[in-house]
Amino acid sequence: MAEITSRKNIIEVKSLSVFYGQFQALKSVQLELQARKITALIGPSGCGKSTFLRTLNRMNDLIEGARTEGQVVFDGKNIYDPETDLLELRRRIGMVFQRPNPFPLSIFDNVVYGLRVHGQNDRRYMEERLFRSLQAVNLWEELKDRLEADALCLTGEQQQRLCIARVLAVGPEVILMDEPCSALDPTATARIEDLMYQLKEKYTIIIVTHNMQQAARVSDNTGYFLLGELVEFGQTNQIFTSPRDARTEDYITGRFG
Amino acid sequence: MARHKSGGDRLIRLSLLLVALSAISVLAIITIFIFEQGLPIMAKYGLKNFLLGQDWFPSEQSFGLLPMIVGSLLVTLGALVIGVPLGLASAIFLTEFSNRRLSGFLKPVIELLAGIPSVVYGFLGLMFLVPFIRKNFGGPGLSVLAASIILGIMILPTIISIAIDAIRAVPDSYREGSIALGATRWQTVRMVVLPAARSGLVAGIILGMGRAIGETMAVIMVAGNAADLPGSLLAPVRTLTSNIALEMAYASGEHRQALFATGVILFVIIMILNFLANLAARKQFRK
């Protein structure tokens with residue numbers, strides 16, 4: 001972990017624990033996330049990687065009985081401070097979900113949704129953001145002539161791109177992705193991975209994935225979670241070629257072998 | 001073996017078909033009966049006299065139903081004005097803003113409201129609401145307003161429980177997506193959840209409306225039942241259903257037929273309202 005210079009860190013997580021009632025889902029996780037890199041979080045089902053992802057934009061707050069200890073420092077401030085503006089936090093740290101979840105509204109209304117909830121109503125401005133967001137996810141050419149169409153009529157891949165565009169429209173700094181390709185076929189997955197590569201130039205991406213090849217392909221850094229514990233965290237290359245922890249090695253070789 | 005099985009299937013299919021047909025045939029028989037009894041007199045005195053006539057003196061061959069048509073539409077509209085906002089607000093609160101324990105307690109209580117006989121609502125209206133209106137707003141108390149309020153309360157359980165089902169059927173992924181973009185809970189409800197639940201909400205409102213326009217006993221007890229066009233919300237009013245219920249016991253001859261004609265008009269109005277509401281639901285949903 002020494003090679004990760006702290007100057008470029010955008011998020012620092014300090015002894016973060018999450019409890020669901022009596023159950024401890026995360027055990028004192030400690031890590032630093034680098035700006036404009038793709039960080040992959042891997043591990044078996046129920047290991048806490050999705051829980052961890054959802055602590056970063058405080059989506060875990062929605063779960064009844066969830067309790068968080070420790071700190072997540074983003075832009076110099078602990079987001080678990082009581083005075084944190086949650087709406088602003090979630091604008092700056094966007095999220096893409098496992099299943100594409102466009103709203104049952106038009107394509108246009110989907111993309112500008114975030115702008116509207118943050119009080120933006122200027123049509124010209126919204127159209128400008130719409131254009132840039134759809135452009136960024138390579139959907140503009142496909143959809144420019146049917147922006148008023150129902151978003152639910154799009155293919156799964158288009159829907160997921162639209163959901164990414166929806167996040168980009170509000171101008172986030174970090175994008176959290178919770179298994180964004182698990183509902184997509186392999187070619188669509190490959191194209192979404194290409195997209196992540198493009199987005200990395202401007203945004204910090206943290207992706208939870210079940211698919212280890214995907215983690216190896218797209219990420220710069222990788223964290224391995226097991227039973228709520230961050231077992232190992234480091235450069236993806238190193239994690240996949242010479243893991244330091246025997247448990248990481250078991251998982252990686254077990255899945256490949 | 002296969003043939004035997006398909007023979008059994010056919011038997012089941014046939015008997016289910018008969019059962020289904022018997023339910024439909026009851027509806028058909030009712031329809032035919034009402035129209036058979038009501039149409040001749042409408043033909044004899046002219047549809048226009050029934051629909052637009054303002055005088056209801058059945059013993060003098062004057063069968064104007066306009067006051068009752070207006071009365072039914074007024075109290076139904078009034079019931080919707082009171083019941084829809086209250087009902088939707090309750091449903092939204094119970095599904096989106098209350099914790100599981102509170103809504104688990106309140107929902108069965110609300111459903112219990114639907115089980116109270118309408119005569120009890122009428123009785124409560126007569127004892128408390130009517131004197132209250134008389135004292136505070138003037139008039140006889142027995143009025144459009146009283147009927148609207150009682151009906152508005154009576155349709156609440158229908159609207160609330162159907163709206164709750166419709167709102168619960170909206171996938172959580174929509175809510176998560178919205179919250180994760182920085183929306184507040186209320187913005188999420190207003191901009192995503194309600195539009196997504198719209199067709200179910202409209203269905204609940206249609207059923208509530210059907211209940212309001214068809215309700216008889218409670219309305220008779222609080223509406224005053226004068227067969228005149230109501231001049232204000234505080235004036236007494238008679239609905240189509242009340243007209244039938246109040247007079248059927250002693251009516252005979254053309255008077256009796258005119259009450260069936262009242263039924264025909266009620267029937268047609270309900271059909272039209274249902275059709276319009278369905279149309280609205282579909283149109284809005286597509287948009």
Side-chain angles (χ1 to χ4, degrees), chain A residues 53-54 56-65 85-106 109-120 148-153 159-160 162-172 175-178 183, chain B residues 88 91-107 162-204 279-287:
Chain A
L53 195 73
R54 284 160 171 264
L56 301 180
N57 61 347
R58 291 191 56 177
M59 284 297 279
N60 276 341
D61 289 18
L62 301 182
I63 298 168
E64 261 180 73
D85 179 352
L86 278 185
L87 309 183
E88 180 63 7
L89 172 73
R90 290 174 184 150
R91 185 190 68 70
R92 297 176 67 188
I93 304 184
M95 188 166 213
V96 177
F97 295 83
Q98 195 166 356
R99 298 206 149 267
N101 59 347
F103 305 127
L105 307 169
S106 71
D109 287 338
N110 262 280
V111 179
V112 303
Y113 183 87
L115 296 172
R116 286 197 173 126
V117 303
H118 290 286
Q120 180 59 249
E148 291 306 320
D150 189 346
L152 299 185
C153 297
Q159 290 190 4
Q160 196 61 299
L162 185 71
C163 290
I164 296 170
R166 190 169 73 180
V167 169
L168 298 183
V170 294
I175 303 172
L176 310 175
M177 297 186 170
D178 190 357
Chain B
L88 292 187
I92 291 167
F93 172 75
L94 287 174
T95 47
E96 302 286 327
F97 294 95
S98 77
N99 60 34
R100 202 167 301 224
R101 252 199 316 179
L102 187 62
S103 66
F105 166 72
L106 283 178
K107 198 182 173 214
I162 294 175
I164 283 178
D165 291 344
I167 292 172
R168 287 218 175 122
V170 174
D172 268 337
S173 64
Y174 293 167
R175 296 183 182 86
E176 281 196 319
S178 171
I179 300 279
L181 281 167
T184 62
R185 271 226 103 99
W186 173 239
Q187 285 174 326
T188 302
V189 167
R190 192 168 50 85
M191 296 169 70
V192 177
V193 177
L194 292 185
R198 183 148 48 198
S199 63
L201 299 178
V202 173
L279 204 69
R282 224 175 305 150
K283 224 179 198 168
Q284 285 180 341
F285 192 61
R286 208 180 295 150
K287 193 185 161 198

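Every chain is numbered from 1, with letters handed out A, B, ... down the list of sequences.
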Does anything in residues 186-194 of chain B reach chain A? List residues with heavy atoms under 4.5 Å apart, or say none.
B:Q187, B:T188, B:M191, B:V192

Pick from A:P172, A:C163, A:P104, A:A169 with the largest number of heavy-atom pairs that fall under 4.5 Å of chain B
A:P104

For A:R99, does the CZ atom have more than 12 heavy-atom neighbours from other residues, nucleotides or ligands under 6.0 Å away?
no

At their closest point, which heavy atom of B:G177 faces which heavy atom of A:F103, and how far apart are they?
C-CZ, 3.8 Å

Which atoms form the tightest heavy-atom contact between B:S173 and A:N101, and what is the distance?
O-ND2, 2.8 Å

For [X], which atoms come within 4.5 Å of any heavy atom of chain B: side chain, backbone, both, or neither?
{"X": "A:P102", "result": "backbone"}
{"X": "A:R54", "result": "side chain"}
{"X": "A:L115", "result": "neither"}

Could you give all pairs that pass the side-chain hydrogen bond (donor to acceptor under 3.5 Å, both in side chains) test and reach residues 96-105 of chain B, with sequence neighbours left out?
B:E96-B:R175

So A:L87 and B:T184, side chain to side chain contact (heavy atoms under 4.5 Å, CB included) or not? Walk me through it.
CA-CA 7 Å; A:L87 309 183; B:T184 62; 3.4 Å; yes

Would you sort out whether A:M95 and B:I179 count as a side chain to side chain contact (heavy atoms under 4.5 Å, CB included), showing the intermediate values?
CA-CA 10 Å; A:M95 188 166 213; B:I179 300 279; over 6 Å; no

To the nearest 0.5 Å, atom CZ of A:R90 lies from atom CG of B:L181 at 10.5 Å

